[in-house]
Amino acid sequence: MIRFALFGAGFIGKVHAKNIHNHPNAKLTHVYDVNVEAAQQLSAQVGATVVANPDDIFASADVDAVAICSSTNTHSDLLAAAIRANKPIFCEKPIDLNIERVKAVATLLKGKDLPVVMGFSRRFDADYAEAQRRYRAGEIGKLEILQLTARGPKPPAISYVKVSGGQLRDQTIHYFDLAAWIAGEAPTEVYTSGACLVDPAIGEAGDIDTALVMMKLPSGALVQIDNSRRAAYGYDERIEIFASEGMLEAGRKQLSDVRKYVNGRVESAAMHAGWFERIEVSFGTFIDAFVRSLHGEAITMPTFWDGLRAQQMAEAAYQSLQTNQPVKVDYWLP
Ligand SMILES: NC(=O)c1ccc[n+]([C@@H]2O[C@H](COP(=O)([O-])OP(=O)(O)OC[C@H]3O[C@@H](n4cnc5c(N)ncnc54)[C@H](O)[C@@H]3O)[C@@H](O)[C@H]2O)c1
């Protein structure tokens, strides 16, 4: 039984709390949030203890692993404390808003044999995992174009935008990770074109809401990511792996695959209302994989080092956005 302590009882903290609580080999025992009321409400639902001082979690022999699900600007400090306490970590993406703080955590983690898993939930979508596995097994030959699309459905609250690190670090980071995970190689060059087309308040907050990112891989293959914070028709996410002998597609998902054909029209189900509804199942699969890996099963998890790689793509993508030039991606390691 893995006894978890959770940091952050906000939106995603509640999702992970539920999946840990429902897992037969895991238990949520402690919750800490600076918003004590949020911690109390969540703890009451899962039978956990509210902790007043986060240091008590790191010092406790009754905590086997921590889940860091608080706001992004708190991740580095919590990661550092958990690494010093030698507690296995599940940490939500991205590692931090600031690359220097990310590097400081990397330096601390270097050489330690501690599981530190990053919340790249898309890897646990059954269709994406199958597409990745079949491409890597050689079913369609050599990669030429990897197309990753994620749109909508509506922009997050401005309060979230301001602490998110910006669209490329917050949303696109999932697809930076997917690109390297699917291709099996990390991009060496990135060019970004961005715009604020959805909500002027996002532009006033210094962010973009529409992004096209083009990347080159060492093999010569190309990656294109298109992200929008809005899609007027619901949440739209899909992947195409286009290669020398064919294509693997993990297509856009609708609420149902049933279509009605009548005279003059074809009716099909709507798209999912939001990103969460689209990938909700993958969060449970992810926690299950993490728990099983802590129990010794050999499962490839997205690691801190994958998070560092994705974050360095995001930094280069921002540099490209600002300079309007392609930028080489340097992968710094401690
Ligand atoms: N993997 C995914 O698909 C995914 C989806 C959503 C969010 N996220 C990530 O999860 C994190 C949280 O996002 P959210 O949507 O749940 O935000 P949220 O604002 O709903 O919740 C954040 C919570 O953290 C708490 N908090 C702030 N400082 C804290 C601290 N020092 N210690 C403990 N708790 C603290 C806040 O009080 C709040 O309850 C972000 O890093 C975000 O990027 C990942």
Side-chain angles (χ1 to χ4, degrees), residues 4-19 30-43 45 48 50-58 66-82 89-98 101-102 105 117-125 128 150 152-178 181 207 227 229 235 237 272 274-287 289-290 301-302 304 306-307 310-311 314:
F4 276 90
L6 175 82
F7 292 92
F11 179 81
I12 210 70
K14 287 183 202 145
V15 172
H16 294 309
K18 188 184 104 192
N19 288 321
H30 301 76
V31 176
Y32 173 76
D33 194 305
V34 286
N35 178 344
V36 177
E37 207 179 310
Q40 282 169 343
Q41 276 176 9
L42 180 58
S43 298
Q45 286 165 21
V50 177
V51 178
N53 180 350
D55 291 341
D56 294 346
I57 289 176
F58 300 119
V66 299
I68 300 173
C69 302
S70 45
S71 319
T72 302
N73 60 339
T74 67
H75 292 183
S76 287
D77 289 344
L78 292 169
L79 278 162
I89 304 165
F90 172 96
C91 180
E92 265 307 343
K93 44 54 64 179
I95 300 171
D96 198 277
L97 302 175
N98 177 309
R101 286 163 61 83
V102 171
V105 179
V117 160
M118 290 304 301
F120 290 127
S121 41
R122 278 10 178 233
R123 290 197 192 187
F124 293 88
D125 177 84
Y128 294 173
K154 59 180 183 337
I158 289 297
S159 56
Y160 180 89
V161 168
K162 285 180 179 162
V163 296
S164 70
Q167 185 182 25
L168 300 172
R169 287 189 197 92
D170 179 57
Q171 181 185 24
T172 317
I173 198 136
H174 282 292
Y175 310 98
F176 289 133
D177 176 66
L178 281 185
W181 176 67
D207 199 4
N227 278 174
R229 292 288 202 185
Y235 186 66
E237 181 166 325
H272 288 91
W275 63 265
F276 177 66
E277 291 82 350
R278 164 68 183 80
I279 62 155
E280 182 175 2
V281 174
S282 66
F283 288 105
T285 312
F286 196 162
I287 290 297
F290 185 45
M301 303 295 290
F304 176 89
D306 297 329
Q311 191 122 10

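Order of listing sets the numbers, starting from 1, for every ligand and every atom in it.
- Nearest-residue assignment for atom 21 (O) of ligand 1 (options Ala9, Gly10, Gly119; heavy-atom criterion): Gly10.
- Here Leu6 contributes atom CG and Tyr32 contributes atom OH; the two are 12.5 Å apart, rounded to the nearest 0.5 Å.
- Looking at His75 against ligand 1, only its side chain comes within 4.0 Å, counting heavy atoms.
- Put simply, the side chain of Gln311 never gets that close to the backbone of Pro94: no donor and acceptor are under 3.5 Å apart.
- Of all protein heavy atoms, the one closest to atom 5 (C) of ligand 1 is Trp275 CH2, 3.3 Å.
- The protein atom (non-hydrogen) at minimum distance from atom 7 (C) of ligand 1 is Ile12 CB, 4.0 Å.
- Ring pair Phe120/His174 is perpendicular by interplanar angle, where above 60° counts as perpendicular and below 30° as parallel.
- Judged by the shortest distance from any of its heavy atoms, Phe120 lies outside the 4.0 Å radius around the atoms of ligand 1.
- Remark: atom 28 (N) of ligand 1 lies closer than 4.0 Å to at least one protein heavy atom.
- Taking the charged nitrogens against the carboxylate oxygens, Arg122 and Asp177 have no contact shorter than 4.0 Å, which rules out a salt bridge.
- The closest protein non-hydrogen atom to atom 37 (O) of ligand 1 is Asp33 OD1, 2.6 Å.
- Side-chain polar atoms of Glu280 and His272 form no donor-acceptor pair below 3.5 angstrom.
- In terms of protein heavy-atom proximity, atom 8 (N) of ligand 1 is closest to Glu92 OE1, 3.9 Å.
- Looking at Arg122 against ligand 1, only its side chain comes within 4.0 Å, counting heavy atoms.
- Regarding atom 40 (C) of ligand 1, its nearest protein heavy-atom neighbour is Thr72 OG1, 3.4 Å.
- Look at Ala38 and you'll find every heavy atom at least 4.0 Å from all atoms of ligand 1.
- Among all non-hydrogen protein atoms, the one lying nearest atom 20 (O) of ligand 1 is Phe11 N, 2.9 Å.
- The protein heavy-atom contact nearest to atom 3 (O) of ligand 1 is Ser121 OG, 3.2 Å.
- Between Phe58 and Phe7, the ring planes lie parallel to each other; the angle is under 30°, not in the 30° to 60° tilted range.
- With a 4.0 Å heavy-atom cut-off, ligand 1 is reached by the side chain of Phe283 but not by its N, CA, C or O.
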